[in-house]
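Just so we're on the same page: letters track the sequence lines, and every chain starts at 1.
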Amino acid sequence: MNTLSIRHLYASIGEKPILEDLNLDIPQGEVHAIMGKNGSGKSTLAKVIAGHPDYTVTSGDVLLHGESILGMDPQVRARLGFFLAFQYPMEIPGVTIANFIRAALQARLPEGEELEATDYYAELYAKMDTLGIPRSFTARSVNVGFSGGEKKRCEILQMMMLKPRCALLDETDSGLDIDALKVVASGVNALRSSEIGMLVITHYQRLLDYIVPDRVHVMAAGKIVLSGEKDLALKLEAKGYDWVSA
Amino acid sequence: MPASTFNFHPLEESTGVGWFQELQKKAWEQFSQLPSPGRHDEAWRFSSIGNIALEGFHQAPPPTDEQSILERSQGITPLAAQLVFGNNRLIHADTSNLPQGVILVSLQEAIKKHEDLFRRYFMKEEARLGSLKLAMLHLSQLKEGVFLYVAPGVVVDKPIEIWHWVQGNRSALFPHTLLVAGAGSHLAVIEHFSSLEEEPLLACSLSDVVAEEKASIHHVTIQDWSPQAVAFHLNTTSVLQEGSATSLQLHRGGHFVRSENDSRLFGKGAKSMMLSIVSAHGAQEFDQRTLQDHLSPEAKSDLLYHNALSDQARTIFSGLIKVQKRAHRTDAYQKVSNLMLSDDAEANSMPGLEILADDVRCTHGATSGELNKEELFYMMARGIDESRAVKLLVRGFFQTVLERLEEPQLKNYLQLLLDHE
Ligand SMILES: Nc1ncnc2c1ncn2[C@@H]1O[C@H](COP(=O)(O)OP(=O)(O)OP(=O)(O)O)[C@@H](O)[C@H]1O
Ligand SMILES: [Mg+2]
């Protein structure tokens with residue numbers, strides 16, 4: 001079974017086509033990486049899968065565990081187990097991290113059932129400790145005034161708390177120092193299992209030393225143009241993208 | 001607003017003293033002579049006052065359901081003291097835990113037992129933001145109120161809570177609050193303005209807050225009038241040298257609510273923080289006028305007003321920072337933000353500056369905007385339903401005002417209150 005299947009996907013923003021005939025399968029239990037030049041459409045793919053309203057899918061399909069999700073609202077996709085770690089996480093003034101994650105977990109419970117607060121905080125603190133996020137951050141507004149690295153750690157914290165079946169990390173490694181990179185990678189690896197599929201978008205081969213991918217794909221002009229084993233990343237790092245024939 | 005709506009009955013001879021009745025008499029004359037406010041006045045620009053019927057209200061009779069009033073007067077715990085008024089009558093007072101040096105009495109008792117002290121502070125500042133006529137109506141009709149005086153150096157370490165309840169169809173209410181924090185004292189007060197029923201009412205409340213040298217006072221008001229209320233809330237704050245006053249007003253109820261906040265920084269190094277949260281729904285109108293009047297050097301005033309508007313709600317904000325000639329090295333800020341949750345809502349903002357001194361730091365600004373769609377998407381991408389995400393974002397919008405409130409008990413209480421909306 002594929003965790004994620006993308007079939008002949010075409011998507012545009014306004015009149016401008018960005019994804020054109022994109023195909024990708026992530027089998028359950030595997031981690032794939034996508035690399036590609038700036039502007040090749042990587043984040044667009046991420047947002048289309050997440051259900052961002054600005055993008056129009058003109059044809060093709062996206063299947064999560066075999067089920068088409070294109071007609072679903074973003075919150076429904078998330079509750080089915082899809083998680084996107086944003087390249088640029090939003091700042092939300094006045095909403096604390098604790099309340100935000102709590103609302104996200106609460107949304108996954110049946111009507112009338114209340115999230116157990118004590119267990120919730122115990123788990124939250126434990127995960128913050130692993131990620132090296134100070135506990136005082138629970139009372140801070142989501143991403144407001146966070147450094148770039150703190151925002152990325154906070155995305156991983158959310159992922160660990162929400163326990164998705166399919167996770168897409170959009171440049172979570174960008175802007176991280178080497179220690180933070182290791183922490184983030186260990187968070188991702190802790191989640192790695194035969195149950196879930198993951199897609200990591202990155203510009204740096206370095207990340208893939210810590211999160212070792214099963215496959216590496218190259219994206220150019222809105223589609224996957226080349227796929228290979230993990231050493232493809234090394235080759236891209238050494239030679240750039242120009243040799244890849246689009 | 002014809003004068004015939006109300007009759008003039010000053011406080012009884014037996015309760016009052018000559019000077020007070022004299023004031024009331026003069027106020028009644030002034031009220032009768034002053035023109036009714038209208039949209040043509042600059043001070044009432046954009047206001048719907050012209051369409052608001054002020055006739056047919058009467059002085060509220062004694063409340064019929066004191067039991068319900070007392071049962072529903074549940075606010076902060078623990079408290080230093082609590083006063084509960086129903087239809088302008090004191091129906092409950094618990095002042096036994098107050099420290100030495102604190103006077104907390106009804107207005108009638110203040111006139112009888114603390115005449116000199118009360119008289120020194122009573123209605124010393126003229127209403128100058130447009131509602132002088134209403135202030136005079138208030139004074140002429142005044143029957144009861146709160147007098148709180150904290151002697152120099154006394155720290156009241158828990159909040160004092162005051163409830164003003166109204167009951168009955170077309171009742172008119174004139175709540176009066178005079179809070180004086182003597183030199184170096186600390187005080188936190190929370191006032192509730194609440195309706196027992198959803199009936200039409202007229203409220204004309206007046207509060208004067210005084211922070212003397214190095215005193216600190218926090219004053220929170222929670223306005224929860226009935227959806228059919230027409231309410232005027234006229235507030236003045238006076239801060240002396242190095243004193244500090246923080247006010248936060250949470251407006252939820254009412255049909256037409258006019259709120260005037262006049263902050264006077266009399267002393268060098270005085271501080272005034274003016275905070276407001278308005279949650280406007282339906283056809284509600286909130287009309288807010290403010291003045292930050294810097295009369296001395298090195299004082300600081302900081303105003304932050306957040307309005308969230310749904311449905312066909314309207315808000316009006318008109319605020320002036322005035323830096324008088326001798327008020328050098330003033331710090332004055334004014335920020336109004338309108339969150340537009342509906343295309344039919346209307347927000348009017350008129351920020352203003354008048355600077356006569358040198359070397360001042362002043363900023364002012366007004367913004368209106370819709371919810372940020374990317375923030376909404378971010379929340380929904382975490383599994384949160386759109387309606388819940390909107391609520392959280394609005395709650396966050398209010399929270400940024402609450403964050404400014406430094407008194408922890410008042411802040412916690414307000415947070416819980418808003419969490420349970
Ligand atoms: N809202 C938008 N309006 C117009 N063009 C857009 C919009 N969003 C994305 N694009 C365009 O779509 C193309 C793909 O953008 P996308 O963000 O997906 O690239 P990316 O591969 O993630 O790049 P990077 O590596 O820099 O993050 C770019 O040319 C971009 O300018
Ligand atoms: Mg990108």
Side-chain angles (χ1 to χ4, degrees), chain A residues 46-55 69 72-109 111 139-145 151 154-155 157-159 161-164 167-168 170, chain B residues 248 250 275-279 304-308 335-339 341 365 367-406 408 411-412 414-421:
Chain A
K47 286 190 205 163
V48 166
I49 301 172
H52 194 291
D54 285 356
Y55 300 90
I69 58 170
M72 297 174 182
D73 284 340
Q75 65 273 28
V76 179
R77 303 179 193 202
R79 297 201 292 249
L80 278 178
F82 178 73
F83 181 89
L84 170 62
F86 284 66
Q87 181 175 2
Y88 304 110
M90 291 308 297
E91 299 186 2
I92 307 183
V95 178
T96 64
I97 295 189
N99 285 344
F100 179 50
I101 300 179
R102 191 175 176 160
L105 286 169
Q106 180 67 48
R108 286 161 169 79
L109 297 180
E111 272 289 313
R140 285 183 60 175
S141 294
V142 176
N143 294 322
V144 177
K151 285 183 184 169
C154 185
E155 291 293 289
L157 174 66
Q158 292 171 43
M159 182 181 79
M161 290 299 290
L162 298 177
K163 304 181 188 74
L168 200 168
D170 190 358
Chain B
L248 188 153
L250 171 62
L275 307 170
S276 163
I277 295 172
V278 170
S279 171
L304 182 66
Y305 278 27
H306 277 195
N307 305 320
K335 176 107 206 291
V336 186
S337 211
N338 300 300
L339 180 57
L341 299 168
T367 56
S368 289
E370 295 172 12
L371 277 178
N372 183 318
K373 293 222 165 61
E374 295 299 327
E375 289 175 24
L376 207 55
F377 173 67
Y378 185 65
M379 299 192 112
M380 289 163 71
R382 296 297 176 249
I384 301 168
D385 280 322
E386 184 169 1
S387 60
R388 179 87 192 110
V390 169
K391 273 195 181 148
L392 278 170
L393 289 175
V394 173
R395 177 70 184 80
F397 177 68
F398 292 155
Q399 183 64 24
T400 52
V401 177
L402 282 190
E403 290 301 333
R404 299 283 189 95
L405 189 65
E406 278 166 7
K411 184 173 161 181
N412 286 343
L414 286 166
Q415 290 189 163
L416 288 174
L417 200 72
L418 290 175
D419 283 344
H420 288 104
E421 287 257 284

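Interatomic distance, B/Leu392 CG to A/Ile92 CD1, rounded to the nearest 0.5 Å: 8.5 Å. To the nearest 0.5 Å, atoms CG (B/Leu376) and CD (A/Gln75) are separated by 9.0 Å. How far NZ of B/Lys373 is from CE of A/Met90: 12.5 Å, rounded to the nearest 0.5 Å.
When heavy atoms are compared at a cutoff of 4.5 Å, A/Glu91 approaches chain B solely by way of its backbone atoms N, CA, C and O. Neither the backbone nor the side chain of B/Asp419 has a heavy atom closer than 4.5 Å to any heavy atom of chain A. In this structure, chain B has no heavy atom under 4.5 Å from any part of A/Arg77. For A/Val144, no part sits under 4.5 Å from any heavy atom of chain B, backbone or side chain. No part of A/Pro164 comes within reach of chain B, as not one of its non-hydrogen atoms sits under 4.5 angstrom from that chain.
By the 6.0 Å contact criterion, CD on B/Glu374 is enclosed, its count of non-hydrogen atoms from other residues, nucleotides or ligands being greater than 12.
For the pair A/Asp54 and B/Phe377, the minimum side-chain heavy-atom distance is 4.5 Å or more.
The minimum heavy-atom distance between A/Ala78 and B/Gly383, with the atom names listed, is CB-N, 3.4 Å. The two residues B/Thr400 and A/Pro93 make their nearest non-hydrogen contact at CG2-CB, 3.8 Å.
Of the candidates B/Met379, B/Gln399, B/Glu375, B/Arg395, A/Val95 forms a side chain to side chain contact (heavy atoms under 4.5 Å, CB included) with just one, namely B/Met379.
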Exercise for the section: Run the numbers on B/Glu386 and A/Asp73 for side chain to side chain contact (heavy atoms under 4.5 Å, CB included), then give the verdict. Expected result: CA-CA 9 Å; B/Glu386 184 169 1; A/Asp73 284 340; over 6 Å; no
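By the 30° and 60° cut-offs, the orientation of the rings of A/Phe100 relative to B/Tyr378 is parallel.
Your options are A/Gln106, A/Gln158, A/His52, and the one with the most heavy-atom pairs under 4.5 Å with chain B is A/His52.
The main-chain N or O of B/Arg382 is never found under 3.5 Å from a side-chain atom of A/Arg79 such that the two would form a donor-acceptor pair.
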